[in-house]
Amino acid sequence: MPPGRQPALFELEPEPDRWELAAETDCLAAMVVFNRPLDSVYSYLVPDDLREIIAPGQRVRVPFGRGDQLTLGYCVGVTTTVPTHRKLKTLHEILDREPLLSGAMLDLTKWIGERYLSSWGQVLDSVIPAGVKKQAGTRQIVTFELPPDLDLAQLKIPAKQRAVLEVLQQSSAPLTVDVLAERAGCGSSPIDSLRRKGLIVPRRGRSEVAQADVIEVEKQSDLQLNAEQQTALISILEALREQRHETLLLHGVTGSGKTEVYIQAIREVVSYGRQAIVLVPEISLTPQTIRRFRARFPSVAVLHSHLSDADRHWHWQQIAEGKVQVVVGARSAIFAPVPQLGLIVIDEEHEATFKQNSTPRYHARDVARERARRENVPLVLGSATPTLESLQRARLGLDRLLTLKQRVERRPLPHVTLVDTRNDPLISKGQAIGRALGQGIAHALRERGQVILFLNLRGFSPVLWCPRCSGIRCPDCDVTLTWHKDKGLLLCHSCEYSIAPPERCEKCGLPGLRFLGTGTQRLEAEVRTKFPTARLLRMDSDSMRAPGSHDEALESFREGRVDLLLGTQMIAKGLDFPNVTLVGVIDADTLLHQPELRSAERTFQLISQVAGRTGRGDREGRVLVQTMSPMEPVIQFAARHDYDSFAERELEHRAATHSPPFSLMARLILRSLTESSVQAESRRIAGILRQTTAEKNLGVRILGPAPALITKLRKYYRYHLQFTAENHAAIQELWRDAAPRFQLHPDVEMTIDMDPLDLR
DNA sequence: TTAGACCATTAC
DNA sequence: TAATGGTCTAAG
C-alpha cells in the first residue's frame, strides 16, 4: 500500500490465500521447488508437448522471479488441480528423461527439509550426487537411422551416399557418424548431405563412457557365531521376517564380531531379493572393510568420497536398476536409490561424521530411522560406545537393545593402565612419552609386537608462546597457530593462513618465543630418538595427503613392515591388526576439559575405541593411557571398559541439566565480517525469537546470544543462540513463525542447526 | 538465495 | 543525467 494512503475498510480483513482456491481443470501443472531457502512449492503450467514426459523427480527449467530468469528446479508433483486465480507461468524445459528419485525418496527429502529446517529444494539438491546431475560419464551422441518408408532402389544419389544408406539398411541398430563413415568407406560429407535431404534421421541419445572397475575377491563363507551373536542375529531376523520396522541397537564391545552379525542378517535380506544399505564412517572405508563385504556378496557397491563423478553416476544407475545387493558407504549412502530396501545398518553409530555440517544438516542415523520406518524395514545401529541418544531410546523401550559382551573366540579385552603423568620427570621436561609408556613401548618392541600411539594433534607444536602475550594467533581466526617444522611454517588449522615463525613477538616485540606442546610430528621425532631401530610410520592428514596413501600405510602396518604406528583420530577407528600388543594414549585429557556438552562422551568413546585396537589376535594386548586426571570418573570408566556405569552417570548429568537426550536442541549461528553488526543483529533476533515463543506459548528455552566458542573464523565474527525444547515440533514452529520476520541485515549470515553435535 | 525495484547519493 | 550503491521485497 502506498504510504500516506488510508486503507479502505474492506482491506482491513486479510485476503484469503488465493492459492487455496484451486479447481480441477484439464490443464496440467507441475509443482516445483528450488535450491533456495524458500518454503513454498511453485506451480507451473505444463505445455502440451511435455505432458507425457513430465514426472515427479525430474529436474526442470522454469522462469522464476520478476525477471523470469530461467531457473533450475525440481518437479515434486504433477496435478490437474491448478490454482485458478493467478496466471501460471509455463514450464520451459525438462532436463531428465527419467525421474532421478522415486516418490518415496521425494517424500523422505521433504521430511528432511522439515526436520532440519531447510527447504525441500535445498535437500533435493544436496541428495542427488553431482555426477548424476551432470550425467557424468555419459556423452551426448547422435546416431542415424533410415526414415521408415525409404525405397533405396528408387533413389538417384551419388555412390558414396548410396553406400551409407546400404550400411544403415543392413545394420540392426542406429549408427554414429564415425561408425557409419568407416563402414561405408567415406568421409562425413556424404552423411551430411543425406541428413540435409532428410534421407537419414538423426537421433540424440547418451552413451556410457565410464565404468567402475570390478574387483575380484576370494569368496568366503559365513563364520560360526557365538551364542551372543546368534541371539542378536535372531532378533534382527525376526524383525526382517515379520517385515516390520524396528530399530535394534547392537551394543558390542570392540572385537565382538558385530560385522559378522550384520553380514548374516544381510544374507537373509538378499535371499528375499531385496537390498541392504550399510553406513560406515568414511575413515572405516578401508580396503579391509570393503573386502569383507565383497568376499560375502556377489554384488557390492562401495560409495566413498574419492569416487569420480562418473563412477558415482554409474553406481547410482546400477543401484537404481537393482543390480546391487549391498550398498556400503559413508553418510550420503543413506540416499542410495535401492528399489527394494530390506535393511539398513549403521556401523559405529556414535561417529559424529554421520551428521552433515552444511545445509541440510541432517544426521544419517535419524534419516535412516525415518527411511526404515517408512519402508517397513529394520534398522540396526552398531557401536561399542553408543550415543546417549540411542541408548536412551532403547531404555525407554522405543528401540531394542542387543548386547555383545564377549570378544570373539573368548579373547579378553585388553588391560588398560592409567598412567598418572603429573609427577613424571620426562613429562615435566616437556617430553610426550613418560617413563612407564617408554618402558612399555620398549618391551612390546622387544617381544616383536606392534605398537600404536595415539595423539589427537597434528603438526609439531600447537603453540608458539610469548611469555607476555601468550600464544601467537591467526589474524583471521580465534585460534593459535600450529608449528609445522617440516614446512617451516606456522599454520592455522581453521583456515589456510600461514606465516614464517617470527623471531620476536609481533605484538610486544619481546624475543624468546618458545614452541609449546606436542603434535604428531614432534612425537615422531621423540620416538625416533628413543627407539632409533623401530620402523615408524606417522599417520595424520598431513602425511596422508596423497590419494591411496592411507590404504597403503595400513597395508604396510598389517604386513609387519612397520613396528610402530603413530597418529591422530585416523588410527583410532575400526582397524583390526592382530599383532598389536600395545596401544599408548599420549594425552587423554585434551578432549575432556572442553566446555562442551559431549566432551565426556567423546573422551570415553575415544579411549574405548583406541583401546579396542589391541588384543585382537592370539597375543594379549595392553593399553597405557597417560593422563593428568587419573581420578576423573570418565577416564576410570573407560579404563575398566565399563560403558554401563559411564552411561548411567552421564545420563544422570544430562537429565539434571535438561540436555539431550532429555531435550532437543537447535543452534543458531550468526556471522559477519563486522563484529558490531553480528552482535546487534543477534540481540535483535533473540528478541524476536523470545517474543514469538512467549506469544505462542511454545515452551522453547532460548540461551544467548553469546559469542561462539570460536569467536572468529575465517575473518567472520560469530555469535550463537541455543534453543532447547521438549520436541522438534516446538522449535520447528518457532522457526517457521519467527524466521520470515528477521529481515537480517545483508552483511550478517545465519545458519540454523537442528540437533547440533558441534557446539563450537 | 537471487534479482529487480526503489531510492539516495555521487560523478560527469 | 547517468551511473553507482545500499536496502527492501517477492519469488507460481
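Letters go in sequence order (proteins before strands), and every chain restarts at 1. Nothing here was measured: the structure is a model prediction, and the numbers come from that model.
Look at CZ on A:Arg741: it is 15 Å from P on C:dT9, rounded to the nearest Å. Rounding to whole angstrom units, CG of residue A:Asp747 and P of B:dT1 are separated by 14 Å. Rounded to whole angstrom, the span from the CG atom of A:Leu45 across to the P atom of C:dG12 amounts to 13 Å. Regarding A:Asp39, its CG atom lies at a distance of 13 Å from the C1' atom of B:dT1, rounded to whole Å. Atom-to-atom, CG of A:Asn35 to C1' of C:dA11 comes out at 15 Å; the value is rounded to the nearest Å. Taking atom CZ on A:Phe64 and atom P on C:dG12, their separation rounds to 6 Å, with Å as the unit. The NE2-P distance, from A:His745 to C:dT7, rounds to 5 Å in whole Å. Protein atom CG of A:Leu38 is 9 Å distant from nucleotide atom C1' of B:dT2, rounded to whole Å.
Using a 30° and 60° split on the angle between ring planes, A:Phe742 and A:Trp735 fall in the perpendicular class, above 60°.
Under 4.0 Å is where a charged nitrogen must lie from a carboxylate oxygen, and between A:Arg667 and A:Asp758 no such pair does. A:Glu370 has no carboxylate O lying under 4.0 Å from a charged side-chain N of A:Arg115, or vice versa, which leaves the two without a salt bridge.
In this structure, A:Gln743 reaches the sugar-phosphate backbone alone: every heavy-atom distance under 4.0 Å involves primed, P, OP1 or OP2 atoms, never a base. Using a 4.0 Å heavy-atom distance criterion, A:Val41 is classed as a base contact.
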Using atom names, set out every protein N or O paired with an N or O of nucleotides 3-8 of chain B below 3.5 Å, distance rounded to 0.1 Å.
{"from": "B:dG4", "atom 1": "N2", "to": "A:Arg66", "atom 2": "NH2", "distance (Å)": "3.0"}
{"from": "B:dG4", "atom 1": "N3", "to": "A:Arg66", "atom 2": "NH2", "distance (Å)": "3.4"}

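Checked against the 6.0 Å centroid threshold, A:Tyr362 and A:Phe335 count as a close aromatic pair. The six-membered or imidazole ring of A:Phe34 lies away from that of A:Tyr74, with a centre-to-centre distance of 6.0 Å or more.
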Inset, instruction - Evaluate side-chain contact (heavy atoms from CB on, under 4.5 Å) for A:Glu596 paired with A:Arg602, printing each intermediate quantity in order. - result: CA-CA 10 Å; A:Glu596 274 227 53; A:Arg602 290 214 184 103; 3.9 Å; yes
